[in-house]
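Quick note: residue numbers are just sequence positions, from 1. These numbers come from a predicted model, not from an experiment.
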Amino acid sequence: MTFDEALELVDDNVDYSDDHAFYRWYDLLEKLSEEYAPTVEMTKSEKNNILSSRKYGLSFINFYVDVMHQSTAIKFGAQTTPELYKSLSEEKLMRAWLHPKTIEVVEEK
């Protein structure tokens, strides 16, 4: 279950006559979500590249080396460059790699 699904569950099942209970549950889940599953903002092409790399069995370390240390790498038909992921730290890339549902697509820069 994702944090968003848990928030929906709270929304659907908490007694609204007790506003304080609803907001306590909702706030707790939002804080847990921010701590353990924060969103990682990236472009659609960045997300697609991560998903295709995972799909075709590339390990994270090989993916990371390819996109951060080579001037140009061709992987599975997608051109990647270090500039593509320059705004993302290793931690954020790893979080997106492990939990793709945390990826939030933003407009191309």
Side-chain angles (χ1 to χ4, degrees):
M1 174 181 292
T2 66
F3 282 103
D4 288 338
E5 291 168 344
L7 288 168
E8 285 180 28
L9 189 64
V10 167
D11 191 31
D12 293 342
N13 293 300
V14 170
D15 179 10
Y16 282 100
S17 64
D18 184 0
D19 285 343
H20 295 293
F22 170 76
Y23 288 113
R24 282 194 310 266
W25 277 109
Y26 201 86
D27 287 344
L28 173 64
L29 288 172
E30 279 192 329
K31 287 177 185 174
L32 288 171
S33 174
E34 290 170 10
E35 179 71 24
Y36 296 105
T39 59
V40 178
E41 293 183 350
M42 60 178 55
T43 65
K44 187 174 182 174
S45 59
E46 290 170 335
K47 178 182 178 180
N48 290 342
N49 194 20
I50 284 180
L51 295 179
S52 68
S53 296
R54 285 174 41 109
K55 178 181 176 181
Y56 290 106
L58 193 66
S59 69
F60 176 75
I61 191 64
N62 289 338
F63 167 79
Y64 184 75
V65 167
D66 284 344
V67 300
M68 299 307 275
H69 300 294
Q70 294 182 13
S71 61
T72 302
I74 303 297
K75 288 290 179 189
F76 312 113
Q79 182 175 347
T80 62
T81 65
E83 291 77 31
L84 187 63
Y85 293 93
K86 69 181 175 186
S87 66
L88 298 170
S89 66
E90 182 179 3
E91 180 183 341
K92 286 183 179 183
L93 281 173
M94 176 61 85
R95 192 178 311 128
W97 184 271
L98 292 173
H99 303 289
K101 288 184 178 183
T102 63
I103 298 171
E104 179 180 334
V105 174
V106 295
E107 289 185 29
E108 298 283 337
K109 299 167 188 155

Could you pull out the closest heavy-atom pair between Thr102 and Ala96, with the gap in Å? OG1-CA, 4.3 Å

Does CD belonging to Glu5 count more than 12 external heavy atoms closer than 6.0 Å? yes

How far does OH of Tyr56 sit from CG of Leu51, to the nearest 0.5 angstrom? 11.5 Å

Residue from Val105, Val106, Ile103 passing side chain to side chain contact (heavy atoms under 4.5 Å, CB included) with Lys44: Val105

Path from Leu29 to Tyr36 over hydrophobic side-chain contacts below 4.5 Å: yes

Mind checking whether Leu93 and Ile50 have side chains closer than 4.5 Å, heavy atoms only? yes

Taken in chain and number order and not counting sequence neighbours, the residues that satisfy side chain to side chain contact (heavy atoms under 4.5 Å, CB included) with Ser59 are Ile61, Asn62

Shortest non-hydrogen separation from Thr39 to Glu104 and the atoms involved: OG1-OE1, 3.8 Å

State which residues pass ring-ring contact (aromatic ring centres under 6.0 Å, His included) with Tyr23; sequence neighbours excluded, sorted by chain then number. none

Looking at residues at least two apart in the chain, or sitting in another chain, which of them share a side chain to side chain contact (heavy atoms under 4.5 Å, CB included) with Pro38? Arg95

Do side-chain atoms of Ser53 reach the backbone of Asn49 as a donor and acceptor pair under 3.5 angstrom? yes

Phe60 to Glu90 - nearest heavy-atom pair and separation: CZ-O, 4.1 Å

Residues passing the side chain to side chain contact (heavy atoms under 4.5 Å, CB included) test with Glu35, sequence neighbours excluded, are none

Side chain to side chain contact (heavy atoms under 4.5 Å, CB included) against Glu30, all qualifying residues, sequence neighbours excluded: Leu7, Tyr26, Asp27

Using the rule that Ile, Leu, Val, Met, Phe, Trp and Tyr join whenever any side-chain heavy atoms are under 4.5 Å apart, tell me whether Leu88 and Leu98 fall into a single cluster. yes

